[in-house]
Each structure stands twice: as C-alpha cells, then as structure tokens.
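Heads up, the thing below is written out as structure tokens.
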Amino acid sequence: MSLSPSPASSPSSARVAAAVRHAVAAGLLGEAGPVAGFVDTDGVRGSVAALHEAFAEAPGVLHTFAAKAASLVPVLRLLADRGMGCEVASPGELRIALEAGFAPAKIVLDSPVKTRDEIRRALALGVALNADSLDEVRRIASLRPSDAASVIGLRVNPQVGGGAIDATSTAAATSKPGVALRDPGARDRVVESFAAHPWLTRLHTHTGAQGCSLELIAAGVGETYLLAEEINTRLGRRQVTGLGIGGGLPAGSAGETAGPPFAGYVAALRRAVPGLLDGRYELVTGFGRSLMAQHGFIGALVESTKDAGGRRIALTHAGAQTATRTVFMPETRPLRVGAFDAEGLPKAGPALVQDIAGPCCFAGDVVAHARELPELRAGDFVVLYDTGAYCFSTPWAYNSLPRPAVYGFRAVTGAGPDGPAVRFAPVRDAQSLDSIAAESGLAHADALLELDA
Ligand SMILES: *Cc1c(COP(=O)(O)O)cnc(C)c1O
C-alpha cells in the first residue's frame, strides 16, 4: 500500500488540487472555515456509472447506496438522480433518504435493531426491509398488513470467516448481524420460517467491509445463493426471488490509480457463484465506501507547529471529530495526506517526518503518524484524501467541536492558464455555536437546579 504524499497526477488529483486552490481563494478554507469537507461530483457520477456498467449483463439489479457512508441529503439526491436506491439502518437514515427523493420501493431498511413503530412505518411506506433474526421475522409477521407492498427478507451470516479488521467483519462465526447459518439447526429453522411466511422472499448478506478480500465477499454471497436454492427446492416453490448481496468492497487506501473495484468484483462473483447473474434472482447491492471514499477530501488549516521529543507536529483543525476511525484505528484506516501552502498550492521541498494532529483535547488525536511531507508551517493547509465516506459526513461531537461545512465541487473544463475553474455548491453548513448550545441542552439549562429545589 502506497501512502505517497504527492499523489500521481490523475484526473481526480488534478481536480482536488484545483478545488483546494479555489476554496482557499474563495475563503471556503481559511480563518473563517478552518476545516471543511469536499465532494467531487464528477468523481461520484463516474463511480456510479462504473458500477452500473460492471453489472450491465445481469438483468434486474437494484444498486443501493449505504446511507451511513455519506449521510448528506444533497449527496443522496445526486445518487438518486443517477438511478441508485438507498440502504438505510435507522429512522434518521430513512428520513434523509426520503428527503433525498428515493422512491420507497428503492429503499431497503436493514437496521439490526428496529422498534415496532419503525417496522410499522416501513411497512406503511412500502420500504423493503430485512429482518435481522428469526425473532424479528415473528415481530414483522405480527405487524404486517396482508396487503403490505414491502419486500421482506432475512439477513443471514454465512460465517465464511472474518476479514483483516475485526470491527468491520460481519461474517465471522460470532459476528452480530443476521442469522448465523452454520450454527446447529440454523438452516432448518430458516427453512421453517420461510415455509411459515410466504411473504418472506429475499435473503440478504453483507459479508464485510474494508479488509475482506473480493474472494471472501464472493464466498459469502455464494453461501447465501445456495441457501436460496435450498429453500426453494425444499419448499417446492420459487419463494425466494431476491438476494441482497451487500457491499464492503475495499477502496481508498490503494491510492488513486486503483479506480472503482466493481468490474473485478463482478468477475469474482462470476467465478464463485455461477448462476448468480443469470436473472433468476433479483439482486440488490449495497455499496458505500467504494462508491464515495475516493471522491471526497478534507481540507484543514495548519494553526501552528511544534517539536516534541524530536518529532515535528503540525496542529491542524482536522482530527478525530472528522476522521474518527482513522484516529482510533490508525493501522487499519491510514489516510493519504497532502501539504498545501497558504495560497492552496501543493507544497514542494524536502520531506520532513511530521505528525499531523487534530484539535481534540486528547493526546491520541493524530490523523497521520511520522509522515514524510514537505515542511508544514502555520497558515498552510493539509488535505486528507479519500475521505468521502465515513469521515466528514459522520462527524463526532467530542469537545463540542462544530460539524465542519461540506461543499460539492466541479472542475469546469476549458481550463484557463491556471488550470480548471471550480464551481462550489453548499452541501452542509458548518455548525453554529447557537446550534452547539441548543444540542447541549440549552432549553433545559435550569432543569437540574429545579430538580433539587
Ligand atoms: C455498511 C453496510 C454496507 C456498506 O458497506 P461499505 O463497506 O461502505 O461498502 C452495506 N450493507 C450493509 C448491511 C451495511 O451495514
């Protein structure tokens, strides 16, 4: 894995460089906005097109985007506009998916924990849902009106094994999601459940995330396909008509030359699961990271630098509040970092080993350890590449730090002498201090004093 500080001059790195320069010139990045997220809309469109193309031969595929990977209404609307559906896992994600304009029939509710009200609402809307357990199948059965339009499935855990990263592996023997298929008696209980509930027509699996090989993911899909065949054979009818095959493809850490992994994944599926793509089953995919990560970056002002124990540290405004997983899992979620000067131009100069630290008040708030970069100084900017998924879109409220602003951008072709012009659009406003106070219980400021009175 290369973490080279100066990315190759791919079209997307040229667009990022242009965006940084124009964002600094426009004041979107600087004193007034010391950290912000940026989404490359042409890049997103390109990934969606690559996904559709990779599956072009398979009839009847619904590609859903896992909302948690970029839970921002304008981003979801862009994806809806490109023909995607949406995978949601909470009432909040369902709400923003509906606000983004996804038709209920193209939304799949997959949360591991659902209240009765959430299930009722999904059924009333006609949103598809996957039960996480046989217990939940019984709960859905008790709430389901006989004319419900929702497609209903069962999530299974094929237990094909975990990937390299425990916290995001979902198909190890003891993983939380879905019915564990290799446990004694589990297959029979699943078949009995399908026999008892003819409206149960889908199986769903999501074998993993970053850290699982394409072969492992394909093996999990293969197990699920075989179970569908077994259910239909044992019931003597084609009851299972759809397979949710999840997402989990790696992206981002391989650098920009890697490109979207979808064609390679489809090839792995073809090898591992002949018959999967022949149209007998409606397929539902659920990609997040691999669609979005490479098409977003975080820009942050360097506020100061210092030396500590012989190590140079650049103190920036990007830390655990916006790159949470990288800070807490630095080995498994390393980020490429770029150094830019006060005008937003890529910095040159000899490499110096530096830590890139964030604004949170704990010592471990470091987004890159011992990274070789041109020497950073106060007033410069750092760019955290490949942060379009699970980073600025899912901020952490530690230290009452505000959610950073997010902008979409487009490099306009017909470049002038200084490279392409860049247009920006607001995606999410930076959180205000009023909003922070309100979300910190301001409306109840006296409540504890009154309790004691
Ligand atoms: C998170 C998740 C996805 C997307 O995972 P990525 O690694 O972002 O592709 C898909 N399906 C389910 C059920 C998920 O929980």
Side-chain angles (χ1 to χ4, degrees), residues 35-41 43-45 47-48 51 63-82 84-104 106-114 118 121-122 125 127-130 167-168 177 206 209-210 246-249 251-252 285-298 318 320-326 328 333 384 386-398 401-409 425-431 435-436 439:
V35 56
F38 295 85
V39 175
D40 173 359
T41 56
V44 174
R45 286 191 180 87
S47 267
V48 175
L51 172 61
H63 294 294
T64 69
F65 176 70
K68 69 176 185 285
S71 40
L72 296 161
V73 172
V75 170
L76 297 180
R77 184 160 292 186
L78 174 66
L79 293 165
D81 178 67
R82 305 321 290 169
M84 299 283 303
C86 196
E87 192 260 351
V88 301
S90 73
E93 288 182 358
L94 176 55
R95 168 69 185 265
I96 64 173
L98 292 167
E99 298 280 7
F102 291 101
K106 289 183 119 181
I107 298 176
V108 183
L109 175 70
D110 263 342
S111 31
V113 176
K114 310 177 188 72
E118 285 166 51
R121 180 161 158 70
L125 284 164
V127 163
L129 63 167
N130 288 318
T168 52
H206 169 63
Q210 194 89 334
L249 302 190
T285 70
F287 296 107
R289 178 179 300 277
S290 51
L291 275 168
M292 280 299 299
Q294 284 160 296
H295 307 305
F297 70 88
I298 293 166
Q321 93 281 26
T322 184
T324 314
R325 285 183 168 178
T326 293
F328 290 110
R333 307 280 173 160
L384 308 182
D386 305 325
T387 46
Y390 301 106
C391 289
F392 55 75
S393 57
T394 40
W396 185 35
Y398 193 80
L401 284 161
R403 288 187 286 273
V406 179
Y407 304 94
F409 73 90
V427 169
R428 181 182 70 204
D429 296 335
Q431 191 179 18
S435 162
I436 290 175
E439 291 191 17

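Numbering starts at 1 and runs along the sequence shown. Everything numeric in this text was worked out from a predicted model, so none of it was measured.
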Could you list the residues that satisfy side-chain contact (heavy atoms from CB on, under 4.5 Å) with [X], not counting sequence neighbours?
X: Pro426; result: none
X: Ser90; result: Glu93
X: Ala320; result: Val327, Phe328, Cys360, Phe362, Asp365, Trp396
X: Ser47; result: Pro260, Leu291, His295

Using the side-chain hydrogen bond (donor to acceptor under 3.5 Å, both in side chains) criterion, which residues pair with [X]? Sequence neighbours excluded.
X: Ser393; value: none
X: Thr285; value: His63
X: Ser435; value: Gln431
X: Asn130; value: Asp110

ask   = For Arg403, which residues count as a salt bridge (Lys or Arg N to Asp or Glu O under 4.0 Å) partner, sequence neighbours excluded?
value =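 If we apply the salt bridge (Lys or Arg N to Asp or Glu O under 4.0 Å) test to Arg403, skipping adjacent residues, the hits are Glu439.
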
Side-chain donor-acceptor distances from residues 75-82 under 3.5 Å, at least two apart:
{"unit_1": "Arg77", "atom_1": "NE", "unit_2": "Ala100", "atom_2": "O", "d": "3.1"}
{"unit_1": "Arg77", "atom_1": "NH2", "unit_2": "Glu99", "atom_2": "O", "d": "2.7"}

What I'd like to find out is whether the side chain of [X] reaches to under 4.5 Å of the side chain of [Y], using heavy atoms alone.
X: Thr64; Y: Lys106; result: no
X: Pro395; Y: Thr322; result: no
X: Phe392; Y: Leu72; result: yes
X: Thr326; Y: Leu384; result: no

Exercise: identify the closest heavy-atom pair between [X] and [Y]:
X: Val127; Y: Ile107; result: CG1-O, 3.5 Å
X: Gly248; Y: His206; result: N-CE1, 3.6 Å
X: Glu118; Y: Ser111; result: OE1-OG, 4.4 Å
X: Tyr390; Y: Arg289; result: CD1-NH2, 3.3 Å
X: Thr324; Y: Thr394; result: OG1-O, 4.3 Å
X: Ala67; Y: Val88; result: CB-CG1, 4.2 Å

ask   = Got a sec, which residues hit ring pair (Phe, Tyr, Trp, His ring centres under 6.0 Å) with Phe102, two or more places apart in sequence or on another chain?
value =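 Listed in chain order: nothing, the list is empty.
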
Partners passing ring pair (Phe, Tyr, Trp, His ring centres under 6.0 Å) against Phe297 (at least two apart in sequence or in another chain) =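 Counting only residues at least two positions away or on another chain, Phe297 forms a ring pair (Phe, Tyr, Trp, His ring centres under 6.0 Å) with Phe38, Phe409.
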
message = Could you check whether atom CZ of Arg45 has more than 12 heavy atoms from other residues, nucleotides or ligands sitting under 6.0 Å from it?
response =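 More than 12 heavy atoms, drawn from other residues, nucleotides or ligands, come within 6.0 Å of this atom.
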
ask   = When rounded to the nearest 0.5 angstrom, what is the spacing between CG in Leu94 and CD in Glu87?
value =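 It comes to 11.5 Å.
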
Arg428 and its side chain to side chain contact (heavy atoms under 4.5 Å, CB included) partner, picked from Pro74, Pro404, Ser71 =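 Going through Pro74, Pro404, Ser71 one by one, the side chain to side chain contact (heavy atoms under 4.5 Å, CB included) with Arg428 is satisfied by Pro404 alone.
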
